Amino acid sequence: MAVVAAPRSDQEFASSTLVREQASLWRDGLRRLRRNRLALISAVYLILLALVAIVALFWTPYPTSAIGVAQIYSGPSGAHLLGADELGRDLLSRLMAGAQISLSVGLLSAAIVLGIGVVVGLTAGYFRGWVDGVISTVINIFYGIPALLVALLMVTVLGRSFTNVVIAISATVWMDVARLVRGQTLSLREREYVEAARASGARSGKILFGHILPNALGPIIVAVTFVIPSAILFEAFLSYLGVGIPPPTPTWGAIASEGVQALRLSPHILLFPSIALSLTLLAFNFLGDGLRDAFDPRQKR
Amino acid sequence: MSFVVFLGIHSLPGNTFVNERVRGASLALLLHEYGLDRPVLVQYWDFISHAVQGNFGVSIVNRGEPITPIVLRELSVSAELGGAALLLTIGMGVTFGVIAALRQNTWVDYSLTTFAIIGYSVPSFVIASLGVLIFGVWLFDVTGGAFYYPLTWDGTYGTVVELTVPAVALGLFTSSLVARITRASMLDVIHQDYVRTARAKGVKNRVVVVRHALRNALIPVTSVLGPLIISIITGSVVIENIFGIPGLGKEFINSILSHDYNVTVAVFTMYALLVGVANLAVDLAYTVIDPRIRY
């Protein structure tokens, strides 16, 4: 069953996110991706997780913030599959809602990083000169500072909320994509077809978004795939330290940090969110590796 | 950079004394005593001119306690943990990477690679919490919770036992990364001609691996050392909070949560200095590994 279902999901993925004009390249990549079993399993897991997150929007077994629906600190049981936390809230419901938070933080940050990276990278790579100099310096400065600490300060200064956490994360992890786009642009702008476009009078905007960007898309998608797990990890870190999205929002990091308080009594509160988080990060990393092998064969490590 | 941090922290809503229910005249007196009623720019000038001389001012929460000695003491604690994690990172990462590369496509390689991906994906706070759970709760009778620092730190440094679990939790992520990179660059190098030449000359296998191959394979590893050190510094914030290690990271979070601006800024400045020194050290390490680079 799963074997039949998986390729279809890849196809949907391809038709919705990838550019169609270069069907041969993408079809080639998808074929390679489909042979990578770990990446496929990861993709299936992530799709399931996304379904859970969507379901959690409308329905959870118990209301996520309802106190005392179960015996406090009770372990897994028939009525509460994953047990309950220190206020008697149902852990499964909270983990489901947490999946939704984690995925939306990851995807939103990735989208923002993609936007910043493409604009900044294209500008630096295409116009070169002092523009490139300034942007490269800024990128290097950002690489030099400990991202988590800056994100931590930013959330503290801006105030603890979902939006501010996403802003702080995006502001500290955008450099990888920007640098990649810059490098790609630098090499692609010298190609003959770009020269031909310029000779036939195409404007800069047309060259950038019509000729350079589509050809750099493979590596960019791979890089953005790796932004998602690091954003999820960042959010969990912040919540775990008590400076992320404020309670009672059930984020995996926050649940894990509640679990540490009650470690001796009921380790399941720590274990379940940790497992969920680790599996998700693992899946994103495997999928990213698979995508890199499939769509970016030159960059093999 | 310290300026931005300073401005940001000082524009936080509320003030340090908000938790202490001081009102009216006594609040004004307190604010005046710590110079917090002056314009922010004046405060910043005051801070930076003293900081250059190595004086970070006094803590606001622990009334009037000078910060510099505290921060320096915490730096030594953090440095001990970070150093242990860095040693682990390089030692374990390079060893595993080399072994995986030499045994390419065998079960040794596969298990080490899988192990590295897991170490790369599981967040350090999960590993740290599991460490506490396994060694501090389940195996309490064996370890006696040995790696916990006492609540009131008496000034002695952690023993090897106390350090191991936190250092492993901190260094696992980075050593996985190093293992991955070492394996890849080692694979590149051992298929090159000069390595074959060395083997053909009848040089012992161990010498070929260590002197010919490894030395060149380490160049890509050095280039990620800077980011690695930053990630160890970042990770130490989390690890210190979990294990109750009285280092810079714990102070950083505490000072943020208790609005102790001066301490937050001081700790952040220390971190910035650390990163600067680390990057310089990495640049110097380049010249040792790769003699072609000169400054």
Side-chain angles (χ1 to χ4, degrees), chain A residues 38 42 140-141 143-159 172 175-176 229-230 232-243 252-253 256-257 259-260 263-265 267-271 273-286 288-289 300-301, chain B residues 1 4-5 7-13 114 117-118 120-130 132-134 136-138 140 173 180-181 183-185 187-188 220 226-227 229-238 241-242 249 252-253 256-257 259 264 267-268 271-272 274-276 278-279:
Chain A
L38 270 177
S42 305
N140 281 333
I141 289 175
Y143 265 117
I145 55 180
L148 179 73
L149 303 185
V150 175
L152 226 154
L153 280 182
M154 274 182 78
V155 175
T156 322
V157 171
L158 296 174
T172 42
M175 301 85 68
D176 275 335
S230 59
I232 291 178
L233 182 62
F234 255 57
E235 188 276 322
F237 264 125
L238 292 177
S239 299
Y240 188 87
L241 290 173
V243 285
W252 287 345
S257 98
V260 168
L263 203 55
R264 212 166 283 271
L265 197 58
H268 68 274
I269 306 177
L270 167 72
L271 282 179
S274 303
I275 293 171
L277 188 60
S278 311
L279 278 184
T280 307
L281 295 176
L282 209 59
F284 271 114
N285 281 334
F286 277 134
D289 277 346
K300 234 174 218 158
R301 290 235 218 158
Chain B
M1 194 159 74
V4 178
V5 174
L7 275 191
I9 296 287
H10 277 256
S11 62
L12 282 179
T114 315
I117 295 179
I118 292 173
Y120 186 74
S121 301
V122 178
S124 60
F125 72 80
V126 168
I127 293 172
S129 315
L130 291 182
V132 174
L133 182 63
I134 294 171
V137 178
W138 290 342
F140 186 82
F173 172 82
R180 251 166 81 145
I181 297 167
R183 175 178 176 275
S185 67
L187 282 181
D188 257 6
I229 291 173
I230 290 178
S231 109
I232 285 182
I233 290 176
T234 313
S236 73
V237 176
V238 182
N241 274 285
I242 295 174
F252 190 62
I253 301 293
I256 284 180
L257 293 180
H259 293 268
T264 310
V267 172
F268 197 84
Y271 276 134
L274 264 182
V275 171
N279 281 330

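FYI, side chains are in, hydrogens and waters are out, and symmetry mates aren't considered; it's all heavy atoms of this structure. Keep in mind that this is a model prediction, so the values were computed, not measured.
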Is A:Ala283 close to chain B through its backbone or its side chain, or both, or neither, when contacts mean heavy atoms under 4.5 Å? neither

Heavy-atom check, side chain of A:Phe237 versus side chain of B:Ser124, under 4.5 Å: yes

d(A:Asn285 CG, B:Ile118 CD1) to nearest 0.5 Å is 11.5 Å

Under a 4.5 Å cut-off applied to non-hydrogen side-chain atoms, are B:Ser129 and A:Ser274 in contact? no

To the nearest 0.5 Å, what is the distance between OG (A:Ser257) and CZ (B:Phe125)? 8.5 Å

Determine, stepwise, if the pair A:Leu152 / B:Phe252 fulfils side chain to side chain contact (heavy atoms under 4.5 Å, CB included). CA-CA 10 Å; A:Leu152 226 154; B:Phe252 190 62; 4.2 Å; yes

Using side chain to side chain contact (heavy atoms under 4.5 Å, CB included), reason through A:Leu281 and B:Val122 one step at a time and then give a plain yes or no. CA-CA 7 Å; A:Leu281 295 176; B:Val122 178; over 6 Å; no

Which region of B:Ile253, side chain (C-beta onward) or backbone (N, CA, C, O), has a non-hydrogen atom less than 4.5 Å from a non-hydrogen atom of chain A, or is it both or neither? side chain

What's the verdict on side chain to side chain contact (heavy atoms under 4.5 Å, CB included) for A:Ile275 and B:Val126, showing C-alpha distance, side-chain angles and the deciding distance? CA-CA 9 Å; A:Ile275 293 171; B:Val126 168; over 6 Å; no

Check whether any side-chain heavy atom of B:Ile233 sits under 4.5 Å from a side-chain heavy atom of A:Leu148, and report yes or no. no

What part of A:Leu241 is in contact with chain B, defined as an atom under 4.5 angstrom from a non-hydrogen atom: side chain, backbone, both or neither? both

A:Phe286 portion near chain B, given a 4.5 angstrom heavy-atom threshold: side chain

